[in-house]
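Encoded as structure tokens, the structure appears first; notes follow it.
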There are 2 protein chains.
Amino acid sequence: MRLSELSEKSGVKTATIKYYLREGLLHPGRRITATQADYDERHVRRLRLVRALIQVGRLPVATAREVLSHIDDDSLGRTIRLGAALWSLPHGPDPDEEAPETATARAEVERLLDRIGWATSQEIGSLSPTYRALVSSVATLIRLGYPCDIDYLAEQAGLMHQVAVQDLDMMETHPTESEQVEMAVASAVLYEPLLMSLRRMAQEEESARRYGL
Amino acid sequence: MRLSELSEKSGVKTATIKYYLREGLLHPGRRITATQADYDERHVRRLRLVRALIQVGRLPVATAREVLSHIDDDSLGRTIRLGAALWSLPHGPDPDEEAPETATARAEVERLLDRIGWATSQEIGSLSPTYRALVSSVATLIRLGYPCDIDYLAEQAGLMHQVAVQDLDMMETHPTESEQVEMAVASAVLYEPLLMSLRRMAQEEESARRYGL
DNA sequence: CCTGTTGGAGAGTTTCACTATCCAATGATT
DNA sequence: AATCATTGGATAGTGAAACTCTCCAACAGG
């Protein structure tokens, strides 16, 4: 398959494909001659994943490249590999260490994690981008004066844990490690908007139930 | 309070505040003279909300303006007003009507909503951006060949409903309608990343529990 | 052999969110 | 009252990001 065919099949312009090739998001095709390369189905699939990451997940190109490199890298163990891929994903801005509410937020998060008994978080979590993102989110809430009730967060965390159990169950249905890692990335990037859509619909549903239209 | 004071209090440069004024995200201050205006606490608060929408929620300026206009508009009933504000929020790309998987996705979503018995969705939902976003998400999953199990989605939807109940309970703690609508917007924009952080932490936690480190 | 296409490289374009510069009017200080 | 920084407003410029265009030599097909 040549570049123009790849473009047709994927619905992505050749110029854009060239750009992705240049940026290393897409593996170069098998070189046939000095001026021609051969692409296959894997390129089509990869291209779609790239588009999903960039357009649906809104990842910057550089971040997408990093995530993809972890999907490709089979030299690591599953958990590390999964973590590496997930940790490359955007988590919002890092907490501003100088802001006074960051300290408050950190304390709140500690209390929360302590309450719900998540062990991982306290051991390796303070280095994890996820943890930092959580602190950052809480700090933002505090800074803007929005309530950040620990009981509410604990309830939500419990529900999110149930969600995560479902997620991992689904991941386990995939045979290979590569697929599981890719699934985890997809779960983070593609299922997040889906879940949030469900949340908003549930809010509308519940609002109608309580207050009518 | 003058522009420079507003800038100090909010931590936003005067040039940026001027830009927001120009773009209609911030109400103009009370004009004192031909060259001076007076701002108050509401401007500080509004400015923080704007920053939250744009920086945390990554809304385009035009979208933020639209959302804010719904928060300001007290001519509508609560549910409609809430819906209007939430519906202005970004939901990802609209589903591509021409793509074959959109039809499949729509059918899947119908089955799902039927299964979990969300009435609102089926009556007014097909017009709602949230519904369209859901269809778009599902279509993307299908197009990329990721599984989209209806049992899994139904489970997740049930959990999201529990989340929404918590959300509305929290909203009800606010006295005025304006505050409730603002809270709903904040909930969508600020709590979403927080929830997703919790989900990822829960995934890491559960992964460690199942497979060790 | 000739014409059109291909892959590759670099420069150019667009969009967006700011940001810097000017300007006349003003307020604050001397 | 004289001076001088500041203010609000308008306009143009900046920087990053994601493409997109242009050009070119090397082919491939007829």
Side-chain angles (χ1 to χ4, degrees), chain A residues 1-40 43-44 46-68 88-90 92-93 189, chain B residues 1-40 43-44 46-68 90 92-93 189:
Chain A
M1 191 190 311
R2 280 174 294 175
L3 198 137
S4 55
E5 289 177 76
L6 180 59
S7 166
E8 267 177 58
K9 276 210 181 185
S10 61
V12 180
K13 292 189 185 177
T14 59
T16 307
I17 296 177
K18 286 181 180 182
Y19 169 63
Y20 290 156
L21 284 167
R22 235 177 300 152
E23 293 296 321
L25 301 182
L26 202 59
H27 297 131
R30 194 170 51 84
R31 288 289 290 272
I32 303 227
T33 75
T35 62
Q36 260 176 316
D38 182 58
Y39 305 95
D40 57 26
H43 289 92
V44 177
R46 176 60 159 255
L47 199 43
R48 284 177 177 165
L49 179 61
V50 168
R51 294 299 275 187
L53 289 176
I54 288 179
Q55 292 200 320
V56 182
R58 297 182 176 191
L59 304 210
V61 167
T63 309
R65 175 173 50 234
E66 197 176 341
V67 172
L68 291 168
S88 307
L89 292 175
V189 171
Chain B
M1 192 190 309
R2 280 173 295 172
L3 185 71
S4 56
E5 289 177 77
L6 180 59
S7 166
E8 268 179 56
K9 275 209 181 184
S10 61
V12 180
K13 293 190 187 176
T14 60
T16 308
I17 296 177
K18 286 180 179 183
Y19 169 64
Y20 290 156
L21 284 167
R22 233 178 303 148
E23 294 293 324
L25 300 183
L26 201 59
H27 297 132
R30 192 170 53 83
R31 287 292 287 276
I32 302 222
T33 74
T35 62
Q36 258 176 318
D38 182 57
Y39 305 95
D40 58 27
H43 289 92
V44 177
R46 176 61 158 256
L47 198 43
R48 283 177 178 163
L49 180 60
V50 168
R51 295 299 275 186
L53 290 176
I54 289 179
Q55 292 200 320
V56 182
R58 295 182 178 191
L59 304 211
V61 166
T63 309
R65 177 173 46 233
E66 198 177 341
V67 172
L68 291 168
V189 170

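Atom set for the values below is all heavy atoms of this structure, side chains included, hydrogens, waters and symmetry mates excluded. Here the structure is a predicted model, which is why all the values come from computation and not from measurement. Numbered from 1 within each chain, the chains take letters A, B, ... in sequence-line order.
Nucleotide D:dG8 holds its P atom 4 Å from the CG atom of B:Leu3, rounded to whole Å. As a whole-Å value, the separation of A:Leu26 CG from D:dC19 C1' is 15 Å. Between A:Glu23 atom CD and C:dG8 atom C1' there is a gap of 14 Å when expressed in whole angstrom units. In this structure, the CG atom of A:Leu21 is 15 Å from the P atom of C:dG10, given to the nearest Å. A straight line from CZ of B:Arg58 to P of D:dA18 spans 10 Å, rounded to a whole angstrom. Counting to the nearest Å, the C1' atom of C:dC16 and the CG atom of B:Leu25 are 13 Å from each other. B:Arg31 has its CZ atom 11 Å from the C1' atom of C:dA25, to the nearest Å. Here C:dT6 presents its P atom at 12 Å from CD1 of A:Ile17, a figure rounded to the nearest Å.
Distances shorter than 4.0 Å separate some side-chain N or O of A:Ser4 from OP1 or OP2 on C:dT6. For B:Thr14 and D:dG8, the shortest distance from a side-chain N or O to OP1 or OP2 is not below 4.0 Å. OP1 and OP2 of D:dA12 both lie 4.0 Å or more from every side-chain N or O belonging to B:Arg22.
You'll find that the side chain of B:Val61 is closest to C:dA17, out of D:dA10, C:dG7, C:dA17. With D:dG9, D:dT20, C:dT19 as the choices, the nucleotide that has an atom nearest any side-chain atom of A:Lys13 turns out to be D:dT20. Comparing C:dG8, D:dA12, D:dC19 by their closest approach to the side chain of A:Tyr20 singles out D:dC19. Among D:dT7, C:dG8, C:dC18, the nucleotide with an atom closest to any side-chain atom of B:Gln55 is C:dC18. Closest approach to the B:Tyr19 side chain among D:dG8, C:dG8, C:dA17 is made by C:dA17 (side chain taken as heavy atoms from C-beta onward). Here the nucleotide nearest the side chain of B:Tyr39, chosen from D:dG8, D:dC21, D:dT7, is D:dG8. With C:dC18, D:dT20, D:dG9 as the candidates, the nucleotide lying closest to the side chain of B:Arg51 is C:dC18.
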Write out a two-atom table: protein N or O, nucleotide N or O from nucleotides 25-30 of chain D, distance below 3.5 Å.
none

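Residue A:Val189 comes nearest to A:Ala52 through the heavy atom pair CG1-O, 4.2 Å, listed as atom of the first residue, atom of the second, then distance. The nearest pair of heavy atoms linking A:Leu49 to A:Leu68 is CD2-CD2, 3.7 Å. Across every non-hydrogen atom of A:Leu47 and A:Ser10, the tightest pair is CD2-OG, 3.2 Å. Contact detail for A:Ser7 and A:Ile17: the closest heavy-atom pair is CA-CD1, 3.5 Å.
Checking each of A:Leu3, A:Leu6, A:Ile32 against A:Asp38 for a side chain to side chain contact (heavy atoms under 4.5 Å, CB included) leaves exactly one that passes, namely A:Ile32.
Mapping B:Ala62 and B:Lys18 onto DNA chain C by nearest heavy atom places B:Ala62 closer to the 5' end of the strand.
Residue contacts for A:Ile54: at a heavy-atom cut-off of 4.0 Å it reaches the sugar-phosphate backbone alone, with no base atom in range. When heavy atoms are screened at a 4.0 angstrom cut-off, A:Ala15 is found touching base atoms of the nucleic acid.
Residues B:Arg46 and B:His27 are in side-chain contact: their nearest non-hydrogen atoms beyond the backbone lie under 4.5 Å apart.
Side-chain N or O atoms of B:Arg2 include none that pairs as donor or acceptor with a backbone N or O of B:Ala37 at under 3.5 Å.
Side chain to side chain, B:Arg51 and B:Tyr20 meet the donor-acceptor criterion of an N or O pair below 3.5 Å.
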